[in-house]
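Everything below concerns the one structure shown next.
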Amino acid sequence: MNAQVGSKVSAYRPLLSPAEEARLSVTVEGITRNRFLPAPPPENVFVGDGDYRAIGAEYLGHFVRLGGLKPTDRVLDIGCGIGRMAVPLTQYLDGQAGCYEGVDPVREGIEWCVQNITPAYPHFRFCQIDLAHELYNPGGSLAGHEVVLPFSDANFDFVAMVSVATHLPVSEIAAYAREVMRLMAPGGRLFMTAFLVLDGDVDRANARPRFTAGKEEGTWYGDPDAPLAAIGFDRHLVEQAVREAGLNIERVSLGHWRNIDSTHYQDVVIATKPEAA
């Protein structure tokens, strides 16, 4: 079970039928066991810990069950890293109708994806965006709050931001939300993970990370010496950034970083672009 926190939501409910759930479970299990899928050497995985293939397969399940991902969707993966989400999506997206674009500021990850994923799956493409980030791309030429991605308007049905908002100040989360609003087609879905710090979370003895108050009100640091290594926010700050971009928040699912029962570690925010946009 996942804890859901109250937001007024629309009729958006990406629930699977028993047959759909069975097919998805078979796909996820197959990805976990498929040793022929591309995977980088463990020492080259510069973001995230845990099993590369298993975590990617897990998130495919979350994309479908929580985010309503469909095989025919045009997917944008912001912060694609070294392809952890891309590899399982190669086994799910329709090679004719579905497609994938991955962007990241770290050149080494993009180069690995271009060399190891695109040749076998040409509808999967990758692009380095030279965005500045004090941990991952300190010499970047473009400030995060000026982010503009090289895609046309209304070009995607599903946008993933996994472990991106957990490394950005809220002003940059707002900039990404505005760009997502531009890039998604009406009815498109944003799947974004974050650390939403609720009342009592900082007092949980087994929370991971253990947050302490940051310099700005409503901001929380997992490590005060490296604030962007793991940054959390009061829930309303993230929701405000998403809503002010014009997106509708449909679901917030709480993660087990705070030591509660959940199928996912970080908190998940699902937002949609209005059909009339």
Side-chain angles (χ1 to χ4, degrees), residues 10 12-16 20 23-24 27-28 31 37-38 56-105 109-110 113-114 116-129 131 147-165 173 175-193 242 245-251 268-277:
S10 70
Y12 176 79
R13 292 288 188 276
L15 299 178
L16 303 181
E20 290 169 332
R23 287 195 295 270
L24 176 62
T27 300
V28 169
I31 292 167
L37 291 174
E58 173 197 326
Y59 266 91
L60 172 60
H62 299 328
F63 290 163
V64 177
R65 295 182 180 107
L66 296 177
L69 177 69
K70 299 187 290 292
T72 55
D73 279 344
R74 300 164 295 170
V75 174
L76 173 62
D77 186 2
I78 297 175
C80 66
I82 201 163
R84 192 191 296 264
M85 305 300 150
V87 169
L89 284 168
T90 64
Q91 306 302 295
Y92 182 80
L93 292 181
D94 185 316
Q96 300 298 317
C99 62
Y100 170 101
E101 299 277 359
V103 298
D104 199 273
I110 293 296
C113 292
V114 168
N116 293 277
I117 300 177
T118 301
Y121 305 97
H123 56 304
F124 277 66
R125 302 191 303 180
F126 301 88
C127 176
Q128 191 221 1
I129 307 298
L131 286 166
V147 59
V148 177
L149 300 179
F151 307 107
S152 58
D153 295 358
N155 203 42
F156 298 98
D157 307 300
F158 189 94
V159 177
M161 291 179 60
V162 176
S163 294
V164 174
I173 295 174
Y176 274 95
R178 292 190 295 270
E179 188 66 350
V180 168
M181 178 66 179
R182 179 183 74 83
L183 293 172
M184 284 202 306
R189 287 134 287 139
L190 167 65
F191 181 108
M192 179 175 70
T193 70
V242 171
L247 299 167
N248 295 330
I249 295 176
E250 307 289 357
R251 170 180 292 185
V268 174
V269 177
I270 306 296
T272 56
K273 181 172 180 174
E275 291 282 358

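The first residue of the sequence shown is numbered 1, and numbering continues consecutively from there. Keep in mind the model is a prediction, meaning the values are calculated, not measured.
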Can you list the steps and then say if Val159 with Phe191 is a side chain to side chain contact (heavy atoms under 4.5 Å, CB included)?
CA-CA 6 Å; Val159 177; Phe191 181 108; over 6 Å; no

For Ile117 and Val87, what are the C-alpha separation, side-chain angles and deciding distance, and is it a side chain to side chain contact (heavy atoms under 4.5 Å, CB included)?
CA-CA 7 Å; Ile117 300 177; Val87 169; 3.8 Å; yes

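- Contact record, Pro88 with Leu60: O-CD2, 3.9 Å, taken as the closest heavy-atom pair.
- Closest non-hydrogen pair, Met161 versus Val164, comes out as CE-CG1, 3.7 Å.
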Given Met85 and Phe63, is the side chain to side chain contact (heavy atoms under 4.5 Å, CB included) satisfied, shown in steps?
CA-CA 10 Å; Met85 305 300 150; Phe63 290 163; 4.1 Å; yes

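- Atom CG of Leu93 is separated from atom NE2 of His123 by 6.0 Å, given to the nearest 0.5 angstrom.
- To the nearest 0.5 angstrom, Leu247 atom CG is 12.0 Å from Ile270 atom CD1.
- Listed for the Gln128 side chain is a donor-acceptor partner under 3.5 Å among the backbone atoms of Pro105.
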Could you walk me through whether Leu149 and Ile78 satisfy the side chain to side chain contact (heavy atoms under 4.5 Å, CB included) test, starting with their C-alpha distance in whole Å, then the side-chain angles of each, then the deciding distance to 0.1 Å, before giving a yes or no?
CA-CA 9 Å; Leu149 300 179; Ile78 297 175; 4.0 Å; yes

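- Nearest heavy atom pair, residue Ala86 against residue Asp77, reads N-OD2, 4.4 Å.
- Between Asp157 and the options Leu69, Val75, Leu76, Asp73, a side-chain contact (heavy atoms from CB on, under 4.5 Å) holds for only Asp73.
- With sequence neighbours excluded, the residues forming a side chain to side chain donor-acceptor pair (under 3.5 Å) with Tyr121 are Gln91, listed by chain and number.
- With hydrogens and angles ignored, the 3.5 Å screen pairs a side-chain donor or acceptor of Asp104 with a backbone N or O of Gly81.
- Heavy atoms only, all atoms of each residue included: Arg189 and Thr272 are closest at CG-CG2, 3.8 Å.
- Nearest approach of Phe126 to Cys80, heavy atoms of both residues: CD2-SG, 4.0 Å.
- To the nearest 0.5 angstrom, Glu250 atom CD is 13.0 Å from Leu66 atom CG.
- Contact record, Ile110 with Val103: CD1-C, 4.4 Å, taken as the closest heavy-atom pair.
- Scored by the side chain to side chain donor-acceptor pair (under 3.5 Å) test, Arg182 finds Asp153, Glu179 as partners (sequence neighbours excluded).
- From His62, atom NE2 reaches atom OG1 of Thr193 across 10.0 Å, with rounding to the nearest 0.5 Å.
- Classification of the Phe124-Tyr100 ring pair by plane angle, with boundaries at 30° and 60°, yields parallel.
- When side chains are defined from C-beta on, Met192 does not count as touching Val180, because their heavy atoms never get closer than 4.5 Å.
- Pro71 is not listed as a side-chain neighbour of Gln96, based on a closest heavy-atom distance of 4.5 Å or more.
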